[in-house]
Structures are given as C-alpha cells and as structure tokens.
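Indexing begins at 1, ligand by ligand and atom by atom, following the structure's order. Remember, it's a predicted structure, so these values are computed and weren't measured experimentally. Quick note: residue numbers are just sequence positions, from 1.
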Amino acid sequence: MGSREGERPPTYGIPPASVRLARVLAAAALQQAERFFTGLRESRAEPRSHVKEVAAAEGDHALYVHMPFCHQPLCSFCSFVRYPFDPERSRRYLKALAVEAAWLASTAERVRVPLVYIGGGTPTVDVYGLAETIDVLRSYFGRGLAVSVEANPIDINDESVSVLRSAGVRRLSIGVQALTAERLRRLGRLSHRVEDAVRAVEAARGRFETLNIDMIWGATGDTRGTVYEEALRALRLGASQVTFYPLMPPPGRRRLMMIRGEGPWHPEEPGLYEAVLRAALEAGYQPATPWCMNRGSRLIDEYVVEYDRFLALGLSGIGRTRRYVYVNCFTPEGYMRMVERRGHAALLARRLSPVEDMLYYASAMAFGLRWCPAVLLERYGRLAAPLSATVQALLRMIGEERRGDCYRLTRTASLYTAHAMQRSLYMAVNGLREWGMAAGV
Ligand code: SF4
C-alpha cells in the first residue's frame, strides 16, 4: 500500500474503550514506577554489598555505557543526563570510564557481555575518543562484543563512518528527530539541521549491519497528517530501522506540557501513534517494539528487550542483575571522584522484591511485543498466575491469538497499550534523572 505526499492518512482508529483501558494501565504503571524510583533515591549504595552483588551476577548481560556530553545548544525536550561538550572534561571522563570498565570486568567475572549499547549524551561528539573507548571495552569484555552507538547527524560523515566501522560498530543510531526545520525548532533541537540529517543517513546507509534513525512525535502543532507525512519521509530515507519516540517528560516539565497539549496530553495522541504505525506498515517496516519499526535487522533499538539483565558504566547508568538494581551518580565530577576512590560509581542500589522483579520482566516482554505465560510461570511460579491470567484475558479481548507458547502483539490496540505503558516507565526513569541532576549527586 503506498501513499503520495500531501495525501491524508487513512483512518482506522483504536477503539475508544481500548484507549481508555491503555490510559488506566499507563497511569497505574506510572504510579508504581514512580513509587519504586522515589524509594530508590533513599537507598544509597553500600560499597561492600555492591561489590558482592555485582560479583554474584552470572550469565549473559548487556552493557550500557553512558557518554554524557553533547554539542550545544542542548535540546530542550531531552530528559537524559547530559552536559555541554568540553574536550578536556570529556577526556578525563573517558579515562574514568576505562577505570570503571576494568573494575566491572574484574568484579563481574561470571558475566558474559555479548552486546554494548553506547548512549548518551552524544557518544560521537568525540569519535576518536569513542573508538578508543570501544577498544578498551573489547579488551575487557571480549572481541566478539556487538557494539551499538548513538550519534548526532553533525558527527556523521565518510571519515567518522570509517572510524566507527574500524572500531567494530555494528549498529549506528542517528538522532534525526524531525525532518522539517520548523519541527526541529518546535522540539528545541537546534544542534543540527535537516540537511545534516539527510547527509548523515546517506553517509551511513549500507555501511552498518543496522542503521537506525530516531524520530520524535507528539509536540505542539503535530497533527495526524504531519506526523504521518514525516514518518513516511523518515522511513523512505532507507535505514533498516526507524524508532519513533513519543515525548516523555520528567515531572518538572509535565505541567507546561499539559498546558501546551504535548506528549501524553496531546489532544490527538492515539491518532498520532496510529499515523506512525500506519506509515511504517505501508513502507514495509514491522514493529519490533511499539516504537521501533524494523526492516529485517536483528539488532533492535532497545537492548532491554533482548536482555532483562544489564550492567552499566558511566554516570547515570542503570544496571540490573539478578533481583538487584543500581544507579550510578549523575555529575561528571562526582563520577570521576567516585571511580577514583572505589573503582565504581554506584550511588543508589537496592534488591528487588520478587513482585518488582516480575513486573519489570513482564513489562520488558510486552515492550518486545510478546506475552509468554509459560515463561513467566516458569520464572516466577504461582506469583505470576494472576498477572498472566489477566493479561491473557485482555489480549483475547483485543483479538490477539496465541501462537504456540506466546501471544504476539499485532493489533493496533495492543501496540498502543504497550506504548503507553512503556512511556510511563521511561517517564518515571526521567524523574529519577531530573532528581539526580537537580540534587547534583
Ligand atoms: S537529545 Fe541527544 S543530543 Fe539532544 S541534548 Fe539530549 S542527549 Fe544531547
């Protein structure tokens, strides 16, 4: 099915009852996740038990590495922990990161790390520093490490693509965010122009196993028509994936966004999501998560879908090993001091209750657009029975069918529900980041 520029998107609405249900579930998820993270703020990491917990981890874990520096001006919609790029400060940070990597590799001895996801911030702001860091990570976690990197379009050209390929980067994700100057301005993304984004995608296309483009929807002034048209333009740039993120405000920006009718409060929010989905299906892409539209790539945008356990390096990194979660400190100077003193920078940490662990696992499964009752029951036993039965009843109500052991979430209403719930979880994480940066810890 094709569509011409300027054509109105087809209408195929999510039933209003499904929208209401998704909103109720998303509100409950937000409340639950915020309660968890508020509790976590009070739970300072105790260095000795942190070492013990990380040492007890075993099996496959993904690794998240945070690079916190960005080109200026910083984007106003952004909820990540990021600071303006300064070459000297960035070099000191990368040195500390190497020390933390050494600590992690020697402590988590029984862990195998198949994948590293380098996010930020803007990892490519210093592409040579990044390549050296990848080398360091490989020396500690193995030559076979699959490497995924986020990039700003202004950093991507023939030279940087060659550097990244030589460093073994398999998946590159370019933060395009919008494809009109007007939308970039409305989003507050001023560090690159539309022409930079198009050039960057052209320079990287076909040169990585997976090329992803990040887009954002849900700003003031977005309509179903404009979101649909822009989604089609992004999909036609020829990347193997396009990930369409909704705006996910932390608590401090929610009031303003409510007043402006943005993000979750956009008056056409369900319709905007449908417009994205419709454009993706028409362009031959399939949802790998509610947001990541994929065309035949194996490495998808969110490592949390493939790995429910992950370690973290760098400031604000969040790690989750068996029933244990930890968060690194939030400021560059604090991070460097902590790493120098202890080898790691864990600021907050806490053991997870079986219910918390199960809720996280279940939400990651739904985010990967699967629901596998047998897997849940095998992992959590009778504890999982009520949750599993309720979700199955909801899926059947929506019209999803079980294929073998699992349900695949394919209906627009299921995808919309998974989107709304995951956004709640990320909004709660953004609340933690906002707190960490404001507290300067
Ligand atoms: S959106 Fe990306 S480039 Fe913009 S400030 Fe946030 S981390 Fe930096």
_Test of understanding: given a 4.0 Å heavy-atom threshold, classify the contact between His71 and ligand 1 as side chain, backbone, both, or neither._
neither
*For the side chain of Ser353 and the backbone of Glu356, is there at least one donor-acceptor N/O pair under 3.5 Å apart?*
yes
*Could you tell me which atoms of ligand 1, counted from 1 in the order shown, lie closer than 4.0 angstrom to a heavy atom of Arg189?*
1 (S), 2 (Fe), 3 (S), 4 (Fe)
_Can you name the atoms of ligand 1, numbered from 1 with element, that are less than 4.0 Å from a heavy atom of Cys78?_
1 (S), 5 (S), 6 (Fe), 7 (S)
*Are the aromatic ring centres of Tyr140 and Trp103 under 6.0 angstrom apart?*
no
_ligand 1 atoms in contact with Phe77 (distance to a heavy atom under 4.0 Å)_ = 1 (S)
*Compute the ring centroids of Phe310 and His61, then answer whether they are less than 6.0 Å apart.*
no
*What do you reckon, does Gly121 put a non-hydrogen atom under 4.0 Å from ligand 1?*
yes
*Checking only N/O/S atoms, does Cys70 have one that is under 2.8 Å from atom 4 (Fe) of ligand 1?*
no
*Looking only at side chains, do Ser173 and Glu150 share a donor and an acceptor under 3.5 Å apart?*
no
*Below 2.8 Å, any N, O or S contact between Cys75 and atom 6 (Fe) of ligand 1?*
no
*May I ask you to establish whether Arg320 and Tyr326 are in a cation-pi arrangement, using a distance under 6.0 Å from NZ or CZ to the six-membered ring centre and at most 45° from the ring axis?*
no
_Where ligand 1 meets Thr122 - atom numbers and elements under 4.0 angstrom, heavy-atom basis_ = 3 (S), 8 (Fe)
*Between the side chains of Ser414 and Thr417, does any donor sit under 3.5 Å from an acceptor?*
no
